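Take a look at the structure set out below.
It should be emphasised that the depicted structure is a prediction, and the values quoted were computed from it without experimental measurement. Computed from heavy atoms alone, side chains included, the values below leave out hydrogens, waters and symmetry copies.
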Amino acid sequence: MRSKSTDGTPPPRPAPASLLRARAARTAAVCTGWWRTWTAWWRGRPRRVRDRESALVLTVLSFAEPLAGVGARFGDLPTRHAPVLAVLLTLGQTLPLALRAGHPALCLALTGLSFGLHQSLGLPQTFGSLGFYLALYSVGAHAERGRRLLIVPAVAAYAVFCAVLHALGSPQRLQDYAVIGLALAAFWGAGTVVRSRRAAEAERRRLAALAATAAERSRLARELHDVVTHHVTAMVVQSDAAPFLMGSPERVTEAMTAISGTGRRALAELRYLLGVLEATGESARDGSGPGGRAPARGDLRDLVEQTRMGGQPVELVEEGERVPLPIGADLAVYRLVQESLTNAMKYASGRPTHVTVGYGSEHVEVEVANAGPDDHTRRGDGPYGDGRRAVPGPEHVSGGRGLGGLRERVSMLGGDFAAGPRTDGGFSVRARIPTRR
């Protein structure tokens, strides 16, 4: 039977454990967010400013209750009251911390001297003694040169300090001084460990930056190769065919128009690459630059049509539902078809070439294959059927930088790449590229 309050209403039910846990989780998340925001703000401030502010905070805490009387006490000497001297020596242990990053050795010398005098005179404990420990840590963490040389004077100074305490009647034994010395050395060692980790992290970042730079250069080299070889090859093939079309002004006009269009497309893509290198072009400003990984590129249908205008018979077949691809996969498909058609124009000119693109839910499959040599190509009939030049067979195909670059591009996306001769004497390039975002 539930009890009731004096006014007749039942008492409030306790909150369930799940609700309490949810509230605790939200509180922890808020506190964590505030802490991260504060630490990010603090680390973003200049080092010297942080040191000055830390020295000021420690100085204020050294004279504020209840922390003012909390601190280290060595030697167990009789307490001596000298307010003015105690204030001066406390300031000598806190204010030098403003130099701890830029001049850690000087900081340690000033704080160590003030600390030694404070302890030797038997002055009351002070929170400012924490400055001496921070100075030891700072030498290990921030000293640039002569860190090992500082060990000798530091040990000698501590030995003199222990001798003075013993001469003043301290009851401490030799092993007590040894344990205290090891504790002080631990602060120095902690700073050294932090310094080593900081140096290792800086080296890791430097190597990562070098690797990223090398990867970006390699990517730009591949893009430049794809642009130059494809468009220049198309222009060469088209211009070589022009003299054989002089009897048909309409075909000459078409050939000149194709050459002009190919040149304009080449200039547009080269301007993009220059914009990436300078980081000041339109590609960098509109977000399609190196960060966006979206070089200027056209449509596969336009690419195939351009190749046809160069005299290469090409057929494009798209299987499955055509869906928008991630930037990396889209560019890989375009460059793969572009490079394969370039090789077909160079080494299998006039032979029928088939481009097949199959869109799947998780992959896109691409194959570019050209037929083997037939009778008219063996006789030397060119792509226009005019006997202009002979066409090399697949045995002359070179993997070169183009196929190697394609293999690397597809591998970076986690896909499969294969290229090689066909049984009928032709050549094919196949790739299976993941489309997961």
Please identify each residue that fulfils side chain to side chain contact (heavy atoms under 4.5 Å, CB included) with Ser54, with sequence neighbours left out. Trp42
Keeping to residues at least two apart or across chains, list the salt bridge (charged side-chain N to carboxylate O under 4.0 Å, His left out) pairs with something in residues 97-122. Asp51-Arg100
Cut-off 3.5 Å, no hydrogens considered: what does the side-chain donor-acceptor table look like for residues 182-191, sequence neighbours left out?
none

Under 3.5 Å, side chain of Thr79 to main-chain N/O of Gly122, donor-acceptor pair present? no
Heavy-atom count around Arg198 CZ within 6.0 Å, excluding the residue itself: above 12? yes
Could you walk me through whether Glu203 and Arg206 pass the salt bridge (charged side-chain N to carboxylate O under 4.0 Å, His left out) check? CA-CA 5 Å; Glu203 180 66 13; Arg206 186 185 70 84; 2.7 Å; yes
Can you sort out the partners of Trp35 under ring-ring contact (aromatic ring centres under 6.0 Å, His included), two or more places apart, ordered by chain and number? Trp38
Which pairs of donor and acceptor atoms, one on a side chain in residues 148-162, lie under 3.5 Å apart (sequence neighbours left out)?
| unit_1 | atom_1 | unit_2 | atom_2 | d |
| --- | --- | --- | --- | --- |
| Tyr158 | OH | Tyr177 | O | 2.6 |
| Tyr158 | OH | Gly181 | N | 3.2 |

For atom CZ of Arg173, decide whether the heavy atoms of other residues, nucleotides or ligands shown that lie under 6.0 angstrom number more than 12. no
Using a cut-off of 6.0 Å, state whether more than 12 heavy atoms not belonging to His363 lie near its atom NE2. yes
Only pairs under 3.5 Å count here: list side-chain donor-acceptor contacts from residues 107-116, not counting sequence neighbours, and write none if there are none.
| unit_1 | atom_1 | unit_2 | atom_2 | d |
| --- | --- | --- | --- | --- |
| Thr111 | OG1 | Cys107 | O | 2.8 |
| Thr111 | OG1 | Leu108 | O | 3.3 |
| Ser114 | OG | Gly92 | O | 3.4 |
| Ser114 | OG | Leu110 | O | 3.1 |

So with a 6.0 Å cut-off around CH2 of Trp34, is the heavy-atom count from everything else above 12? no
